[in-house]
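Single-structure report; data block below.
Proteins come first, then strands; the chains are lettered A, B, ... in the order of their sequence lines, and each starts at number 1.
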Amino acid sequence: MSENYRPVLSIDPSRLPKHFDAPEAEVRWDAEWDRQGIYRYDPSRPRAETFVVDTPPPTVSGSLHVGHVFSYTHTDVLVRYRRMRGDNIFYPMGWDDNGLPTERRVQNYFHVRCDPREPYVPDLVLEPANAKARKRPPRMVSRANFIELCHQVTLEDEKSFMELWRRNGLSVDWSLEYATIDERCRRTAQYSFRDLFEKGHVYNEDAPTTWDVDFQTAVAQAEMEDRERPGAYHHIEFGVQGGDESFVIATTRPELLPACVGVTAHPDDERYRGLFGREALTPLFRTPVPIFPSEVADPEKGTGVLMVCTFGDATDVAWWREQGLALRQIVTREGRLAAVEFGGEDFPSLDPEAANAAYEQLSGKNINQARNAVVELLRDPAGSATGGGAPLVGDPETIQHSVKFYEKGDRPLEFVSTRQWFVRLLDQKEQLLAKGEQIEWHPAFMHARYRDWTEGLSLDWCISRQRYFGVPIPVWYPLDGQGAPDYAHPIVAEREQMPVDPLIDTPPGYDEAARDQPGGFCAESDIFDTWFTSSLTPQIGSGWGVDDERHGRLFPADIRPQSHEIIRTWAFYTIAKALLHEDTVPWHHVVISGWVLDPDRKKMSKSQGNVLTPLPLIEKYTADGARYWSASARLGTDTAADEKVFKVGKRLATKLFNAGKFVLSQEAEVRPVEAELDRAFVAKLAALVERATASFDDYNHAQALTDTETFFWTHFTDAYIELVKTRARSQDEAQRGSAVAALRLGLDVLVRLLAPFLPYITEEVWSWAFAEEKGQPSVHRAPWPDASDFAGIGAPDDPGSFELAADCWGSINKCKADAEVSMGREVATLTILACPSDASRLPAVLGDVLDAARCAEHRLESREGLDSGVFAIEGAEFVAREESVKRSD
RNA sequence: AGGCACGUAGCUCAGUGGCUAGAGCGCCGCCUUGACACGGCGGAGGUCGGCGGUUCAAUCCCGCCCGUGCCUACCA
């Protein structure tokens, strides 16, 4: 080597393993990244340089499935890109641990139930229930013990999630970890309540509320779903007071007949016009109820006239309110028919004896049993309100209709009148929609989901839950002299007290001795809907109410990644909170991942048993392979968990390992990139960098991956490396230096372009030489490639010379394939025919082509009629194999 | 019922108002290795869901239809 040039920092490939040991590297790099603190948020840098992520806190009690690594990888890829662009990343991780899923898991895991009347047992230790224990009735534990068990289980679950995230290479700043039940989140949620209370956005009300009879808790509109269920129209004859007329209503809920409080039909319906203002008489119970007209009644549906009950559905609730009808709540919180007495003021009857006899058949039964029983009673002419035979007209007519369920529930929702806390949202629709407009949705069409939901909002947000493991509502109620609570004047905890548990803590101005005493106070025992806390994740991260300066620096966030099925819950509620608290958007961009489908493109669900767990896939295909699969999906696109794609990712990582080994083991002097082919390659590489960067900025990471991968495989490893392999070992130092410099630049840039997708293998390759050479220990802190990487390298004389060389070499390869000889076979001589233009351009790169083809002698002839880029190879004479082997020794 | 998205090679997916529509996997044939057989070269394989329309030109734009998924609504 000449004395003026120092050698490049090359590696000795024999010191590297033959194959990449991914599991070992994944553990090693994860620890190393932690040690270097490369994912740490730097609070000293300004907002403009900071990229704030509002990470979805996963429900830890749910099972781990590939959907988790899928969507979180999308976020991580974007975050890693922004980090390399120089942004100060704020990327926390939280766990959504409170709420029903955890309670249910704890109930199953230990085979316990919570009964608040049970005394607290200190230091209670329970073993996971075995099959035998499950056959016995569940053990009853106190509320405090139950909550302790919930904490115990969530801690374990959080650990397994964290291990998965780390293994998957999420570049989370683990010092920012939170859990939605921890003290900080409880405080933030209670601050939120107090702020909404002060602003007049929350209220409590005793009103009919959608209720799950199994979980025995109120359910919000966002947590309901429709399910198709078989049902039946029952035609039932009603009488009319003071006349011998009758009419027939149709209902799918005959068991609610004892709760009938009115009858209605459309005002223009000729059949029933004469009845308005009079009273109907129910069969069986002989209860007189008002008949009133309503525009909402559809003359086409059923018989056009219907009974109003408390409560069959939301329309019943509306009629009940508008008409000021009586309240006859017969369905209990347990989903059974309550014991009621006909003949009194609440349940009037013209024939109390018969009514009570009939109701006796229903009392205490569940909904289905009561329905069957009432139908039997209606078949008996004795129950008729008119004396005109059996009240049930004809046979029930079976239909298929959709019924509202709690999304986690097993029985239809009932409307039960209970006292609940609500956030007033119906008066905020316009503002909520306006905030949705200010946010950029990726992909844009997902905005429609938010708009549809917001426009269709029909109920205020019910935020109280009659459960145990959650953030307590920070409220007490004063008790009057008789010990009755004054719900109109709740005592809300002071901010300084928070977080409080009203069941333990005492309200300001009261002594603990006054608890549950007349003239004293009583605690609100309900907890918040888990979304009440989850909707504050941007504020939890920013320290809202705790550190205003920091909040100003981190709120609103830059991106909110999430999946599309929780737009109506998580996204919606978070927008609502930011609106009500600070009249702002919570983040500037929403990034929506699609769903993961099973390999047959069916939705994965536990009930179908087609859920794939991620760790075995990561172990089989490496973390980089799993990330490749995730990242190959565009935002918002539902994607099949296709193992073929994992495999491709693993192959890409392997290829990068080998290409890196080759490129970095080339020894040469540091020389400028000058050869025509090298400059042509660099020009293509620069174009790739521009495209990939534009794709990332356009929230299209999948395009960036495809382009980079294709370039890496097609142009770099299959073409460029092969074409310059010989020259990279040439005796001509300038030629050799140019080739090696371009090879190293190619590897350097491609490793950085792939780093967001394949963090492990890129870091591995980076560590061999670039880390030292560039003074940047981690590729994940290295600058994203840009024009400065190519400064000083001239444009090629002919912009097409790279393709020309690759095409010509490809033609020779095809010639070898046709002759069934190996690509490495030496060629004694051959003739290349090219169109006149190509023939004149080819010599600039022909030396590299002939080297790659191992061709000793050649002739280049111009031939009219050939297309550009098409080369005919004639008269090829291959060196005999034995001779070829001998020569190369 | 309304809305959104999707329908491209056997499979999973790219793609563009215009040259012969692409990739990977799978398949077939060949190559035995000096970065990589966890590889390379070559090949077969598509009426771009259907029918109309706009256009010199449509897989791409428009309309209708069919199919799939989701969202919203209705659900006496």
[atom1] spacing across the pair [N] / [M], given as an integer number of angstrom:
{"N": "C13(B)", "M": "U8(B)", "atom1": "P", "answer": "10 Å"}
{"N": "G2(B)", "M": "A73(B)", "atom1": "P", "answer": "16 Å"}
{"N": "G17(B)", "M": "C31(B)", "atom1": "C1'", "answer": "43 Å"}
{"N": "G50(B)", "M": "G7(B)", "atom1": "C1'", "answer": "11 Å"}
{"N": "A1(B)", "M": "U59(B)", "atom1": "P", "answer": "31 Å"}
{"N": "C38(B)", "M": "U20(B)", "atom1": "C1'", "answer": "34 Å"}
{"N": "G39(B)", "M": "C11(B)", "atom1": "C1'", "answer": "23 Å"}
{"N": "A9(B)", "M": "C4(B)", "atom1": "C1'", "answer": "28 Å"}

Sequence neighbours excluded, which residues qualify as ring-ring contact (aromatic ring centres under 6.0 Å, His included) partners of His235(A)?
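For His235(A) there are no ring-ring contact (aromatic ring centres under 6.0 Å, His included) partners, ignoring immediate neighbours.
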Which residues satisfy the ring-ring contact (aromatic ring centres under 6.0 Å, His included) test with His266(A), sequence neighbours excluded?
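None.
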Represent RNA chain B in dot-bracket notation, 5' to 3'. Only Watson-Crick or G-U wobble pairs with both distances under 3.5 Å count; pseudoknot-style crossings use [ ] and interstrand partners use |.
(((((((..((((....[...)))).(((((.......))))).....(((((..]....))))))))))))....
For [N] and [X] - does any side-chain N or O of the residue sit under 4.0 Å from the phosphate oxygens OP1/OP2?
{"X": "Arg651(A)", "N": "G39(B)", "answer": "yes"}
{"X": "Trp713(A)", "N": "G40(B)", "answer": "yes"}
{"X": "Gln666(A)", "N": "G34(B)", "answer": "no"}
{"X": "Arg568(A)", "N": "U72(B)", "answer": "yes"}

Proximity to the side chain of Lys18(A) - top-ranked nucleotide from A37(B), C25(B), C70(B)
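Closest nucleotide among those given: A37(B).
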Nearest-nucleotide pick for Asp452(A), side chain only, options being C71(B), C38(B), G34(B):
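Nucleotide nearest to Asp452(A)'s side chain: C71(B).
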For RNA chain B, which residues in residues 255-268 of chain A have a heavy atom at a distance below 4.0 Å?
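Result for residues 255-268 of chain A: none.
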Can you sort out which residues in residues 293-305 of chain A have a heavy atom within less than 4.0 Å of RNA chain B? Ascending by number, please.
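Heavy-atom contacts with RNA chain B come from Val296(A), Ala297(A), Asp298(A), Lys301(A).
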Which residue lies more 5' along RNA chain B, comparing Phe20(A) with His401(A) via nearest heavy atoms:
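Taking each residue's closest nucleotide, the earlier one in sequence belongs to Phe20(A).
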Nearest-nucleotide wise, let me know which of Asp313(A) and Lys725(A) is further upstream toward the 5' end of RNA chain B.
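The 5'-side residue here is Lys725(A).
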Give a yes or no on whether a donor-acceptor pair under 3.5 Å exists between the nucleobase atoms of C75(B), that is its base, and the side chain of Thr252(A).
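No, the side chain and the base share no sub-3.5 Å donor-acceptor pair.
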Quick check: any donor-acceptor pair below 3.5 Å linking the side-chain of Thr654(A) to the base of C38(B)?
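Side chain to base: pair found, below 3.5 Å.
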Nearest-angstrom distance from the residue atom [atom1] of [X] to [atom2] of [N]:
{"X": "Gln400(A)", "N": "C74(B)", "atom1": "CD", "atom2": "C1'", "answer": "15 Å"}
{"X": "Ile567(A)", "N": "G3(B)", "atom1": "CD1", "atom2": "C1'", "answer": "14 Å"}
{"X": "Glu228(A)", "N": "A73(B)", "atom1": "CD", "atom2": "C1'", "answer": "13 Å"}
{"X": "Asn658(A)", "N": "A37(B)", "atom1": "CG", "atom2": "P", "answer": "7 Å"}
{"X": "Glu826(A)", "N": "G34(B)", "atom1": "CD", "atom2": "P", "answer": "12 Å"}
{"X": "Phe878(A)", "N": "C30(B)", "atom1": "CZ", "atom2": "P", "answer": "17 Å"}
{"X": "Lys655(A)", "N": "G24(B)", "atom1": "NZ", "atom2": "C1'", "answer": "14 Å"}
{"X": "Tyr628(A)", "N": "C25(B)", "atom1": "OH", "atom2": "P", "answer": "10 Å"}

Reckon [X] touches a base, only the sugar-phosphate, or nothing at all at heavy-atom distances under 4.0 Å?
{"X": "Lys404(A)", "answer": "base"}
{"X": "Arg229(A)", "answer": "nothing"}
{"X": "Leu664(A)", "answer": "nothing"}
{"X": "Thr717(A)", "answer": "base"}

Are any non-hydrogen side-chain atoms of Leu688(A) and Val749(A) less than 4.5 angstrom apart?
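The answer is no, as the side chains (C-beta and beyond) never meet within the 4.5 Å cut-off.
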Would you mind reporting whether Ile761(A) and Leu656(A) have side-chain heavy atoms less than 4.5 Å apart?
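Yes, at least one pair of side-chain atoms sits under 4.5 Å.
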Cation-pi check for Tyr628(A) against Lys647(A): NZ or CZ below 6.0 Å from the six-membered ring centre and within 45 degrees of the axis, yes or no?
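The answer is no; the distance or angle limit is not met.
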What pairs with Arg451(A) under side-chain hydrogen bond (donor to acceptor under 3.5 Å, both in side chains), at least two apart in sequence or on another chain?
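For Arg451(A), no residue satisfies side-chain hydrogen bond (donor to acceptor under 3.5 Å, both in side chains) once neighbours in sequence are set aside.
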Residue pairs, two or more places apart or on separate chains, that pass salt bridge (Lys or Arg N to Asp or Glu O under 4.0 Å) and touch residues 224-235 of chain A:
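Found Glu225(A)-Arg227(A), Asp226(A)-Lys404(A).
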Can you name the residues that form a side chain to side chain contact (heavy atoms under 4.5 Å, CB included) with Lys429(A), not counting sequence neighbours?
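Lys429(A) satisfies side chain to side chain contact (heavy atoms under 4.5 Å, CB included) with Leu426(A), Leu457(A) only.
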With Lys620(A), which residues qualify under side chain to side chain contact (heavy atoms under 4.5 Å, CB included), at least two apart?
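By the side chain to side chain contact (heavy atoms under 4.5 Å, CB included) rule, Lys620(A) matches Glu643(A).
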Close N or O pairs between protein and nucleotides 5-15 of chain B (under 3.5 Å):
{"from": "C11(B)", "atom 1": "O2'", "to": "Lys644(A)", "atom 2": "NZ", "distance (Å)": "2.8"}
{"from": "C11(B)", "atom 1": "O2", "to": "Lys644(A)", "atom 2": "NZ", "distance (Å)": "2.6"}
{"from": "U12(B)", "atom 1": "O4'", "to": "Asp642(A)", "atom 2": "OD2", "distance (Å)": "2.9"}
{"from": "C13(B)", "atom 1": "OP1", "to": "Arg601(A)", "atom 2": "NH1", "distance (Å)": "2.4"}
{"from": "C13(B)", "atom 1": "OP1", "to": "Ala640(A)", "atom 2": "N", "distance (Å)": "3.1"}
{"from": "C13(B)", "atom 1": "OP2", "to": "Arg601(A)", "atom 2": "NH1", "distance (Å)": "3.0"}
{"from": "A14(B)", "atom 1": "OP1", "to": "Arg634(A)", "atom 2": "NE", "distance (Å)": "2.5"}
{"from": "A14(B)", "atom 1": "OP1", "to": "Arg634(A)", "atom 2": "NH2", "distance (Å)": "2.5"}
{"from": "A14(B)", "atom 1": "OP2", "to": "Arg634(A)", "atom 2": "NH2", "distance (Å)": "3.4"}

Decide if the gap between the ring center of [X] and the ring center of [Y] is smaller than 6.0 angstrom.
{"X": "Phe572(A)", "Y": "Trp461(A)", "value": "no"}
{"X": "Phe20(A)", "Y": "Tyr760(A)", "value": "no"}
{"X": "Trp629(A)", "Y": "Tyr621(A)", "value": "no"}

Any donor-acceptor pair under 3.5 Å linking the side-chain atoms of Glu565(A) with those of Trp595(A)?
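Yes, because at least one side-chain N or O of Trp595(A) sits under 3.5 Å from a partner of the opposite role on Glu565(A).
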Any donor-acceptor N or O pair under 3.5 Å, side chains His564(A), Asp638(A):
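Side-chain D/A pair, His564(A) to Asp638(A): present.
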By salt bridge (Lys or Arg N to Asp or Glu O under 4.0 Å) - contacts of Asp598(A) (at least two apart):
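Checked Asp598(A) against salt bridge (Lys or Arg N to Asp or Glu O under 4.0 Å); zero matches.
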Under 3.5 Å, which N/O atoms of the protein pair with N/O atoms of nucleotides 41-46 of chain B?
none

Audit row: Asp624(A), Thr622(A), side-chain hydrogen bond (donor to acceptor under 3.5 Å, both in side chains) steps and yes/no:
CA-CA 5 Å; Asp624(A) 286 337; Thr622(A) 78; 5.2 Å; no
